[in-house]
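Read the structure below first, then the notes.
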There are 2 protein chains.
Amino acid sequence: MARTQGSHSGITGPRISDAALRLFAQHGYAAVSMRQIAREVGVQAGALYNYTPDKQSLLFRLMESHMTELLASWRDLPRDGGALSQLEAFTRFHIRFHMRRPDAVFIAYMELRNLSPDNFTSIESLRREYETALEMILKQGVSEGVFVVPDTKIATLAVIAMLNGVNTWYRSGGRLSLDEVETTYWEMVRRAMVS
Amino acid sequence: MARTQGSHSGITGPRISDAALRLFAQHGYAAVSMRQIAREVGVQAGALYNYTPDKQSLLFRLMESHMTELLASWRDLPRDGGALSQLEAFTRFHIRFHMRRPDAVFIAYMELRNLSPDNFTSIESLRREYETALEMILKQGVSEGVFVVPDTKIATLAVIAMLNGVNTWYRSGGRLSLDEVETTYWEMVRRAMVS
DNA sequence: GTCTATAGACAGATAGAC
DNA sequence: GTCTATCTGTCTATAGAC
């Protein structure tokens, strides 16, 4: 684990991000020290500052790259059809994406309060962008007469909250496959929204 | 705010709990110092230790009393009828209880990882007890043929996750009354579970 | 029951050698 | 790019005066 001086591995940067992601998710940003992260990577604490100006930036970049990947993946997803098929696509996409990045998801929802005000604003706007994508689908479904939704804003947040819940219990290798989980949640979302 | 020596107010204990609850919810357990709590209360840090053996116990007691109150309130709620009316009672109870204690709810879900192993086990068992109350209702509804639920365990967690989502956006004085929020969520839960 | 003072550990971040 | 060493500050918790 411990690295010798000047090993110049060239992959220290990603290793720092990975270690920070895991440790922040497990113990919380405030409870993790730079020394702990360094120990995981196999360098001394001072070396971390070649890759990040401070601890706050480390957190911010983890959250920002997670949200950016989330938005880009959704944007790139081939999809068509009416609101119902769009909602199914969103539900399955969200579950799949989140189940594969449990640590990043956890941090993105739990560490908002540890962001500096500027960083918070920045992450919040990415999050709102994602929520808006779902709300547009719900609004379209309502205008098509396919969905029965008293309040699209609340329904948006309710659906996302429900889907995020998967991360509190799912462990890979459990009794359900990824596809079965997707389908189970999709059934609940569909019935909750469709008249 | 600052208190004079030996003021013996007799209400310092509750004031410590209140301050800790608010500060833990706002900044996170690990990010809040005993000195911060003391400053809020108007005493010096050392005085806190007349009321709690350590910071960890302070967190644990906040979470334990929240979960105990939650379970007792549900147990005492007068209710009857079939699974559908039980589910409505649970939904409305959960929303009402949680909206009135946003800080305690936030802590109960966010600070689990900052509990010592023994304390974690203890809180987890209270939480499971609450989840079981809902799952029993869902199972009853399935056997009555009223609910269509592929997996009562997942449905339980999905419903609770959805309902907890209310705490991420509701602020009292908003455009919706408590009763309207209850009804909006109940509509979604009902349609998600009922065939 | 609260104060002041402090022990002892550990935090984030930096400087300079290599 | 990483090391060692360290600055400066804060933390939890305790001791003893009042």
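Chain letters run A, B, ... following the sequence lines, proteins first and then strands; every chain starts at 1.
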Verify the contact: side-chain N or O of Thr12(B) to OP1 or OP2 of dG1(C), cut-off strictly under 4.0 Å; return yes or no.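 So the side-chain polar atoms of Thr12(B) never come under 4.0 Å of the phosphate oxygens OP1 or OP2 of dG1(C).
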So, OP1 or OP2 of dT4(D): does either fall under 4.0 Å of a side-chain N or O from Gln44(A)?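 True: Gln44(A) side-chain N/O within range (under 4.0 Å) of dT4(D) OP1/OP2.
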Value in whole Å for how far the [atom2] atom of [N] lies from [atom1] of [X]:
{"X": "Leu58(B)", "N": "dA13(D)", "atom1": "CG", "atom2": "P", "result": "10 Å"}
{"X": "Ile37(A)", "N": "dC10(C)", "atom1": "CD1", "atom2": "C1'", "result": "15 Å"}
{"X": "Arg39(B)", "N": "dT2(C)", "atom1": "CZ", "atom2": "C1'", "result": "18 Å"}
{"X": "Asn50(B)", "N": "dG1(C)", "atom1": "CG", "atom2": "C1'", "result": "5 Å"}
{"X": "Tyr29(A)", "N": "dA11(C)", "atom1": "OH", "atom2": "C1'", "result": "12 Å"}
{"X": "Leu48(A)", "N": "dG12(C)", "atom1": "CG", "atom2": "P", "result": "10 Å"}

Aromatic contact between [X] and [Y], with the criterion being ring centroids under 6.0 Å apart: yes or no?
{"X": "Tyr29(A)", "Y": "Phe60(A)", "result": "no"}
{"X": "His66(A)", "Y": "Tyr109(A)", "result": "no"}
{"X": "Phe93(A)", "Y": "Trp74(A)", "result": "yes"}

Nearest to side-chain heavy atoms of [X], which nucleotide of [options]:
{"X": "Val43(B)", "options": "dA13(C), dA13(D), dC3(C)", "value": "dC3(C)"}
{"X": "Tyr51(B)", "options": "dG12(C), dT2(D), dG1(C)", "value": "dG1(C)"}
{"X": "Asp54(A)", "options": "dA13(C), dT2(D), dT2(C)", "value": "dA13(C)"}

Looking at Glu187(A) and Arg190(A), is there a salt bridge between them, counting it only when a charged N and a carboxylate O are closer than 4.0 Å?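 Salt bridge: yes.
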Any ion pair linking Arg113(A) and Glu111(B) (charged N to carboxylate O, less than 4.0 Å)?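 So Glu111(B) pairs with Arg113(A) through a salt bridge.
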Is the closest side-chain heavy-atom distance between Asp151(A) and Arg175(B) below 4.5 Å?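 Yes, close enough: below the 4.5 Å cut-off.
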Side-chain contact test, heavy atoms from C-beta onward, threshold under 4.5 Å: evaluate it for Ile123(A) versus Phe120(A) and give yes or no.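 Heavy-atom side-chain distance check fails, nothing below 4.5 Å.
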What N/O pairs connect the protein and nucleotides 5-11 of chain D at under 3.5 Å? Give each pair on its own line.
| from | atom 1 | to | atom 2 | distance (Å) |
| --- | --- | --- | --- | --- |
| dC11(D) | OP1 | Ser33(B) | OG | 3.3 |

